[in-house]
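What follows is a short report on a single structure.
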Amino acid sequence: MLEAIERVIFSPEEIQKRVAELGRQIAQDYKNSAAKDPYKRPLLVVGILKGAMPFMADLIRHMDIPLEYDFIAVSSYRNGTVPGEVRILKDLDRAIGQRDILIVEDIVDTGHTLRSILRRLASRDPASLRVCTLLDKPQRREVEVPIDYVGFVLPENVFVVGYGLDYAELYRNLPFIGVLKPEYIRASSC
Ligand code: PRP
(Lines give C-alpha, C1' and ligand atoms only; values in the text may rest on other atoms or scores of the structure.)
Protein backbone atom coordinates (compact mmCIF):
# COMPACT_ATOMS: atom_id res chain seq x y z
CA MET A 1 0.00 0.00 0.00
CA LEU A 2 2.94 2.33 0.55
CA GLU A 3 3.21 2.87 -3.20
CA ALA A 4 -0.04 4.89 -3.04
CA ILE A 5 1.32 7.41 -0.54
CA GLU A 6 2.86 10.67 -1.69
CA ARG A 7 4.08 11.82 1.72
CA VAL A 8 3.66 11.11 5.39
CA ILE A 9 2.25 13.94 7.49
CA PHE A 10 2.21 12.29 10.93
CA SER A 11 4.45 9.29 11.56
CA PRO A 12 3.43 6.31 13.74
CA GLU A 13 5.78 7.56 16.46
CA GLU A 14 4.32 11.09 16.40
CA ILE A 15 0.79 9.71 16.52
CA GLN A 16 1.48 7.32 19.38
CA LYS A 17 3.24 10.00 21.41
CA ARG A 18 0.40 12.47 20.97
CA VAL A 19 -2.31 9.88 21.64
CA ALA A 20 -0.58 8.88 24.88
CA GLU A 21 -0.42 12.54 25.95
CA LEU A 22 -4.09 13.05 25.13
CA GLY A 23 -5.19 9.91 26.96
CA ARG A 24 -3.30 10.88 30.10
CA GLN A 25 -4.63 14.44 29.97
CA ILE A 26 -8.22 13.32 29.50
CA ALA A 27 -7.97 10.78 32.32
CA GLN A 28 -6.55 13.44 34.63
CA ASP A 29 -9.33 15.87 33.76
CA TYR A 30 -12.02 13.30 34.49
CA LYS A 31 -10.31 12.24 37.72
CA ASN A 32 -10.49 15.86 38.81
CA SER A 33 -14.09 16.48 37.81
CA ALA A 34 -15.87 13.14 37.65
CA ALA A 35 -18.72 11.91 39.76
CA LYS A 36 -18.03 10.74 43.31
CA ASP A 37 -18.25 7.08 42.43
CA PRO A 38 -16.69 6.58 38.98
CA TYR A 39 -17.16 2.82 39.25
CA LYS A 40 -20.91 3.23 39.66
CA ARG A 41 -21.31 5.72 36.83
CA PRO A 42 -18.14 5.54 34.72
CA LEU A 43 -17.24 7.76 31.80
CA LEU A 44 -18.79 6.57 28.54
CA VAL A 45 -16.43 6.97 25.57
CA VAL A 46 -18.38 7.11 22.31
CA GLY A 47 -16.52 6.39 19.07
CA ILE A 48 -17.92 7.57 15.77
CA LEU A 49 -17.54 4.74 13.29
CA LYS A 50 -15.74 3.91 11.29
CA GLY A 51 -12.85 6.33 11.24
CA ALA A 52 -12.39 6.74 15.00
CA MET A 53 -11.78 3.06 15.71
CA PRO A 54 -7.92 2.86 15.68
CA PHE A 55 -7.56 6.18 17.48
CA MET A 56 -10.08 5.28 20.16
CA ALA A 57 -8.55 1.84 20.67
CA ASP A 58 -5.17 3.43 21.38
CA LEU A 59 -6.54 6.39 23.33
CA ILE A 60 -8.49 4.41 25.92
CA ARG A 61 -5.43 2.31 26.75
CA HIS A 62 -3.78 5.48 28.02
CA MET A 63 -6.78 6.41 30.17
CA ASP A 64 -6.27 4.98 33.63
CA ILE A 65 -9.83 5.51 34.88
CA PRO A 66 -12.96 3.34 34.94
CA LEU A 67 -14.74 3.74 31.62
CA GLU A 68 -17.15 2.05 29.26
CA TYR A 69 -17.21 2.45 25.53
CA ASP A 70 -19.80 2.29 22.80
CA PHE A 71 -20.09 3.35 19.17
CA ILE A 72 -22.33 5.39 16.93
CA ALA A 73 -22.38 4.81 13.18
CA VAL A 74 -23.66 7.61 11.00
CA SER A 75 -24.13 8.21 7.34
CA SER A 76 -23.56 11.71 6.02
CA TYR A 77 -25.74 13.18 3.35
CA ARG A 78 -22.67 14.61 1.61
CA ASN A 79 -24.25 15.09 -1.79
CA GLY A 80 -27.77 14.63 -0.61
CA THR A 81 -30.81 16.73 -0.08
CA VAL A 82 -30.44 17.48 3.64
CA PRO A 83 -27.22 19.46 4.02
CA GLY A 84 -25.51 18.99 7.35
CA GLU A 85 -27.83 16.27 8.61
CA VAL A 86 -26.64 12.79 9.39
CA ARG A 87 -28.57 9.56 9.62
CA ILE A 88 -27.89 7.26 12.57
CA LEU A 89 -27.07 3.74 11.36
CA LYS A 90 -26.14 2.39 14.82
CA ASP A 91 -27.14 4.19 17.97
CA LEU A 92 -25.84 3.83 21.51
CA ASP A 93 -26.88 0.63 23.26
CA ARG A 94 -28.16 2.32 26.43
CA ALA A 95 -29.57 5.58 27.75
CA ILE A 96 -26.98 8.19 28.72
CA GLY A 97 -28.93 10.31 31.21
CA GLN A 98 -26.62 11.71 33.93
CA ARG A 99 -23.56 10.07 32.38
CA ASP A 100 -20.29 11.78 31.45
CA ILE A 101 -19.86 11.34 27.70
CA LEU A 102 -16.70 11.74 25.64
CA ILE A 103 -17.21 11.66 21.87
CA VAL A 104 -14.17 10.45 19.93
CA GLU A 105 -13.74 11.41 16.28
CA ASP A 106 -10.90 10.87 13.84
CA ILE A 107 -11.37 14.22 12.08
CA VAL A 108 -13.55 17.31 12.26
CA ASP A 109 -13.84 18.84 8.83
CA THR A 110 -16.93 20.94 8.00
CA GLY A 111 -18.27 20.21 11.50
CA HIS A 112 -21.67 19.02 10.28
CA THR A 113 -21.29 15.43 11.50
CA LEU A 114 -20.19 16.46 14.95
CA ARG A 115 -22.82 19.15 15.31
CA SER A 116 -25.57 16.73 14.43
CA ILE A 117 -24.28 14.08 16.87
CA LEU A 118 -23.82 16.64 19.64
CA ARG A 119 -27.38 17.86 19.23
CA ARG A 120 -28.78 14.36 19.44
CA LEU A 121 -26.76 13.36 22.48
CA ALA A 122 -27.30 16.67 24.29
CA SER A 123 -31.05 16.07 24.11
CA ARG A 124 -30.61 12.86 26.15
CA ASP A 125 -29.63 14.72 29.32
CA PRO A 126 -26.00 13.60 29.84
CA ALA A 127 -24.14 14.93 32.89
CA SER A 128 -21.44 16.25 30.56
CA LEU A 129 -20.58 16.06 26.89
CA ARG A 130 -17.06 16.57 25.61
CA VAL A 131 -15.34 15.96 22.29
CA CYS A 132 -11.92 14.58 21.43
CA THR A 133 -10.72 14.51 17.83
CA LEU A 134 -7.43 13.24 16.52
CA LEU A 135 -7.37 15.75 13.66
CA ASP A 136 -8.87 19.19 13.24
CA LYS A 137 -9.18 20.85 9.86
CA PRO A 138 -10.32 24.37 10.82
CA GLN A 139 -9.86 25.74 7.28
CA ARG A 140 -12.84 23.66 6.16
CA ARG A 141 -15.24 24.49 8.98
CA GLU A 142 -18.78 25.45 7.94
CA VAL A 143 -20.44 25.28 11.36
CA GLU A 144 -18.99 26.05 14.77
CA VAL A 145 -18.55 23.04 17.04
CA PRO A 146 -16.98 22.87 20.50
CA ILE A 147 -13.91 20.63 20.66
CA ASP A 148 -12.28 19.91 24.01
CA TYR A 149 -9.29 17.81 22.94
CA VAL A 150 -7.39 17.94 19.63
CA GLY A 151 -4.53 15.66 18.64
CA PHE A 152 -3.23 17.62 15.68
CA VAL A 153 -4.39 20.60 13.68
CA LEU A 154 -3.81 19.86 10.00
CA PRO A 155 -1.42 22.54 8.81
CA GLU A 156 -2.91 22.75 5.35
CA ASN A 157 -6.07 21.79 3.53
CA VAL A 158 -4.97 18.35 2.36
CA PHE A 159 -6.96 15.15 2.07
CA VAL A 160 -5.37 12.60 4.37
CA VAL A 161 -5.65 8.84 4.84
CA GLY A 162 -4.41 6.32 7.38
CA TYR A 163 -4.91 5.48 11.06
CA GLY A 164 -8.66 5.17 10.52
CA LEU A 165 -9.06 7.72 7.74
CA ASP A 166 -10.06 6.27 4.39
CA TYR A 167 -10.31 6.97 0.74
CA ALA A 168 -13.10 4.81 -0.74
CA GLU A 169 -12.87 2.65 2.45
CA LEU A 170 -9.17 1.84 1.87
CA TYR A 171 -6.01 2.87 3.78
CA ARG A 172 -7.63 2.89 7.27
CA ASN A 173 -5.05 0.32 8.42
CA LEU A 174 -1.97 2.43 7.70
CA PRO A 175 -0.11 3.18 10.96
CA PHE A 176 0.65 6.75 9.82
CA ILE A 177 -1.35 9.64 8.36
CA GLY A 178 -0.40 10.70 4.87
CA VAL A 179 -1.42 12.09 1.52
CA LEU A 180 -2.39 9.91 -1.43
CA LYS A 181 -0.68 10.19 -4.78
CA PRO A 182 -3.05 11.83 -7.29
CA GLU A 183 -3.03 8.77 -9.53
CA TYR A 184 -4.63 6.74 -6.73
CA ILE A 185 -7.60 9.10 -6.58
CA ARG A 186 -10.27 8.11 -9.04
CA ALA A 187 -11.22 10.82 -11.51
CA SER A 188 -14.89 10.40 -10.64
CA SER A 189 -14.26 11.48 -7.05
CA CYS A 190 -12.29 14.63 -7.80
C1 PRP B 1 -15.60 11.42 8.51
C2 PRP B 1 -15.08 11.59 9.91
C3 PRP B 1 -16.12 12.42 10.58
C4 PRP B 1 -16.68 13.25 9.45
C5 PRP B 1 -16.14 14.63 9.53
O6 PRP B 1 -16.51 10.36 8.49
O7 PRP B 1 -14.92 10.34 10.54
O8 PRP B 1 -17.14 11.64 11.17
O9 PRP B 1 -16.26 12.65 8.22
O10 PRP B 1 -16.63 15.39 8.47
P11 PRP B 1 -17.47 16.71 8.66
O12 PRP B 1 -16.83 17.52 9.78
O13 PRP B 1 -17.33 17.42 7.32
O14 PRP B 1 -18.88 16.35 8.95
P15 PRP B 1 -17.02 9.66 7.15
O16 PRP B 1 -18.40 10.14 6.85
O17 PRP B 1 -15.99 9.82 6.07
O18 PRP B 1 -17.16 8.16 7.60
P19 PRP B 1 -16.05 7.15 8.19
O20 PRP B 1 -15.74 7.58 9.60
O21 PRP B 1 -16.73 5.84 8.13
O22 PRP B 1 -14.84 7.23 7.31
Side-chain angles (χ1 to χ4, degrees), residues 1 4-5 8-10 12 15 18-19 22-23 26 44-60 69-93 96 101-124 126 129-180 182 184-186 188-190:
M1 247 186 336
I5 301 301
V8 172
I9 296 198
F10 300 114
I15 294 171
R18 184 68 187 122
V19 172
L22 270 179
I26 293 169
L44 179 64
V45 180
V46 175
I48 311 303
L49 294 173
K50 302 172 194 164
M53 192 274 277
F55 172 45
M56 183 166 131
D58 287 340
L59 185 73
I60 57 171
Y69 63 76
D70 198 352
F71 297 95
I72 289 180
V74 297
S75 147
S76 316
Y77 294 93
R78 289 203 190 285
N79 304 308
T81 52
V82 192
E85 258 311 299
V86 301
R87 188 161 57 99
I88 301 276
L89 303 176
K90 184 236 173 273
D91 207 335
L92 297 173
D93 290 344
I96 58 167
I101 308 295
L102 177 69
I103 295 174
V104 176
E105 264 285 24
D106 54 341
I107 188 165
V108 180
D109 191 358
T110 65
H112 286 297
T113 304
L114 184 56
R115 184 173 70 165
S116 181
I117 290 169
L118 278 170
R119 281 183 173 168
R120 284 165 191 261
L121 296 192
S123 71
R124 301 179 192 179
L129 192 50
R130 292 187 200 168
V131 175
C132 174
T133 185
L134 177 66
L135 298 178
D136 187 9
K137 222 175 181 181
Q139 313 90 332
R140 295 252 310 161
R141 199 75 89 251
E142 292 176 8
V143 292
E144 279 304 309
V145 279
I147 305 177
D148 301 278
Y149 303 99
V150 176
F152 302 102
V153 176
L154 271 171
E156 48 190 310
N157 187 13
V158 286
F159 180 80
V160 288
V161 297
Y163 198 62
L165 295 141
D166 74 306
Y167 171 69
E169 296 298 330
L170 290 173
Y171 311 108
R172 295 190 198 271
N173 55 325
L174 290 171
F176 57 81
I177 292 170
V179 179
L180 276 182
Y184 284 82
I185 298 174
R186 284 194 293 273
S188 60
S189 304
C190 295

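When a ligand or atom number is given, it counts from 1 through the structure's own listing order. In this text, all values refer to a predicted model and were calculated from it rather than measured experimentally. Along the sequence shown, residues carry numbers from 1.
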Per-residue contact class, [X] against ligand 1 - non-hydrogen pairs under 4.0 Å:
X	value
Thr113	both
Arg172	side chain
Asp166	side chain
Glu105	side chain
Leu165	neither

(request) Over 60° means perpendicular and under 30° means parallel, so classify the ring planes of Phe159 and Tyr167, tilted if in between. (result)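 Rings of Tyr167 and Phe159: perpendicular, over 60°.
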(request) Establish, yes or no, whether a centroid distance under 6.0 Å links the rings of Phe10 and Phe152. (result)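 Judged by ring-centre distance (under 6.0 Å), Phe10 and Phe152 do meet the cut-off.
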(request) Ignoring angles and geometry beyond distance, decide whether Gly51 reaches within less than 3.5 Å of ligand 1 through its nitrogen or oxygen atoms. (result)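 Yes - when backbone and side-chain N and O of Gly51 are compared with those of ligand 1, one distance drops under 3.5 Å.
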(message) Polar contacts were defined as any N/O atom of the residue lying under 3.5 Å from an N/O atom of the ligand; does this apply to Glu169 and ligand 1?
(response)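 No, no N or O pair falls under 3.5 Å.
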Could you tell me, atom by atom, which parts of ligand 1 come under 4.0 Å of a heavy atom of [X]?
X	answer
Ile107	2 (C), 3 (C), 5 (C)
Thr110	11 (P), 12 (O), 13 (O), 14 (O)
Leu49	20 (O), 21 (O)
His112	12 (O), 14 (O)

(request) Please lay out, stage by stage, how Glu169 and Arg172 fare under the test salt bridge (charged side-chain N to carboxylate O under 4.0 Å, His left out). (result) CA-CA 7 Å; Glu169 296 298 330; Arg172 295 190 198 271; 2.7 Å; yes
(message) Looking only at side-chain N and O atoms, does Asp58 offer a donor or acceptor that is under 3.5 Å from a partner on Tyr163?
(response)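 A pair is found: one side chain offers a donor N or O, the other an acceptor, under 3.5 Å apart.
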(request) For Leu114 and ligand 1, answer yes if some heavy atom of the residue is under 4.0 Å from a ligand atom, otherwise no. (result)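 So Leu114 does not count as touching ligand 1.
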(message) Salt bridge or not between Asp91 and Arg120? Use side-chain N to carboxylate O under 4.0 Å.
(response)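 Between Arg120 and Asp91 there is no salt bridge, as every charged N stays at least 4.0 Å from the carboxylate O atoms.
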(request) Verify, without hydrogens or angle tests, whether Lys90 (side chain) and Phe71 (backbone) share a donor-acceptor contact under 3.5 angstrom. (result)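 Confirmed, Lys90 side chain pairs with Phe71 backbone.
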